[in-house]
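Accompanying notes for the structure given below.
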Amino acid sequence: MEPRVVSVKQAYELPIGTRITVRGWVRSRRDSKGVSFIELNDGSRFKSLQVVVPAGALTEEALHHITTGACISVTGTLVESPAPKQPVELQLESLHLYGTADSETYPMQKKGHSFEYLREIAHMRVRGNTFGAVFRLRNALAHAVHQFFQERDFLYIQTPIITGSDCEGAGAMFRVTTLDLENLPRTPQGTIDWSQDFFGKPTYLTVSGQLEAEIFALAFGKVYTFGPTFRAENSNTPRHLAEFWMIEPEMAFYELEDNAQLAQEFLQSTIRYVLDHCQEDLEFFHQRIDNTVLETLEHVATSPFERITYTEAIQILQKAERDWEFPPVWGNDLQTEHERYLTEEAFKKPVIVTDYPREIKAFYMRLNEDGHTVRAMDVLVPRVGEIIGGSQREERYDVLLERIRESGLNEQDYWWYLDLRRYGSAPHSGFGLGFERMMMYITGMKNIRDVIPFPRTPGNADF
RNA sequence: UCCCGGGUAGCUCAGUCGGCAGAGCGAGUGGCUGUUAACCACCAGGUCGCAGGUUCGAAUCCUGCCCCGGGAGCCA
């Protein structure tokens, strides 16, 4: 009977004595006199499979090519391992070499590398322990996100990546054009004639699907987006990317309190999912990346978040005995040092801050009865800072129009957004969550460039 | 974009006062009858980020640029 072709993950679940074929990449080879050991990893789980090459099973020449990085297929029998580090190992019968990896030039060594170096070899770093764990976890978390919303009857919508509105107000945008930049068409007035561009008008990569999600929320009730967004900000920090993935739920008939409750349940539920499904990878992060992640995740998954208003936050910060670089003053936005203090020291857990001054928040956030705060909320978590930003949206036509005008925006650009308030308006709320920031929070990874497959940052779009 | 710190062997780094370019790891070679980031021995390996300048002489001092990291701002 032909041996079953299985993954390393499956191999560990099969009974002793099963004949199998496993294919993957060599992590390392250790030779002793008469016996060799191959660590074979195929990405299916963190742990590799130890392949035992008995004396004489392979020629000296064949063994010579089984180096770190080589791709092989191995057929053999699962046997109990005499050593304690693994329950089973594969006793080799035959081996096929798919692709060699010249050890003189192969950039991944058996020993550890710095993340900075690994970023320069993003096509190879995925074959290592850390990035294996990162991307298996990223996959599980993406699944958990969809599961969370689908179980609650949210409609998944795909908002456009190319947008004609330059008014989403969430930051600088990348222009999308097919015009010949060496020879731009001009109007009689000498300005660029965008009517000759592909879409007949200026277009950009989206910075948020929120406004489009509101359209769908006011027809389907509860919706969410999960897709790439783009910011052309010259941000050089471990927390920012020019291209990142954002999750944006939008719910009709939700007020700010419902919104905050959903945000908390979302984080708790998805974290519970990865705790239940990614134990092996999380243990690696706990041991090698940040030895607080497991306790933190358990704690977050079970205990309620702190909720305070912006005004209360300012009072707490002003009472704190500490030298602020920027002393907290009502009316100014919370600085990074303030946010960190609140979540890392004052409460030591996720904090939801609500009701910010209208002047420092976006025009679409619902104005409170006091007239000077809006129904905004930020969810702050230790280490990462702001992980969620959201609000109850302004559903009153007159108030929204006034806010657009006082923000210096062109109301004609928002004609369809205003229409949502002219026809069948309803209270509604939503938030945006940075998927990579959540990845950082869960894994303990310190740089956002190491939790996305191919990071885009100012000056860097390799791979 | 601003403020710091850095760029030396494949990787991680040391390099004193301006005076012959170093270590560990990795790779290679050899050894070892069961290894676990195996171990032991030997050996090779350099555009000192780039371009100028000062000097008898520059990895080292000066100027400009590029790249990387940390902090800040912008935000998710």
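Since we're looking at a predicted model, the values are computed, not measured. Any value given below was found using the heavy atoms of this structure, including those in side chains, with hydrogens, waters and symmetry copies removed. We name chains A, B, ... by the order of the sequence lines, and we start the count at 1 in each one.
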Touch class at under 4.0 angstrom, heavy-atom based, for A/Tyr117 against every strand present: sugar-phosphate
Per A/Ser81 side chain, nearest of listed nucleotides B/G69, B/G34, B/G26: B/G34
A/Thr237 side-chain N/O to B/G71 phosphate OP1/OP2 under 4.0 Å: no
Atom pair distance, as rounded to whole Å: CZ in A/Phe326 and P in B/A72: 10 Å
Heavy-atom donor-acceptor pair, [X] side-chain to [N] base, under 3.5 Å:
| X | N | answer |
| --- | --- | --- |
| A/Ser235 | B/C75 | no |
| A/His113 | B/C11 | no |
| A/Glu89 | B/G34 | yes |
| A/Arg437 | B/C75 | yes |

5' priority, RNA chain B, between A/Asn447 and A/Asp333 [closest heavy atom]: A/Asn447
Within 6.0 angstrom of A/Lys47 NZ, more than 12 heavy atoms from elsewhere: yes
Nearest non-hydrogen partners of A/Glu436 and A/Leu241, listed with the distance: CG-CD1, 3.9 Å
Output a table of nitrogen or oxygen pairs between the protein and nucleotides 5-8 of chain B separated by less than 3.5 Å.
none

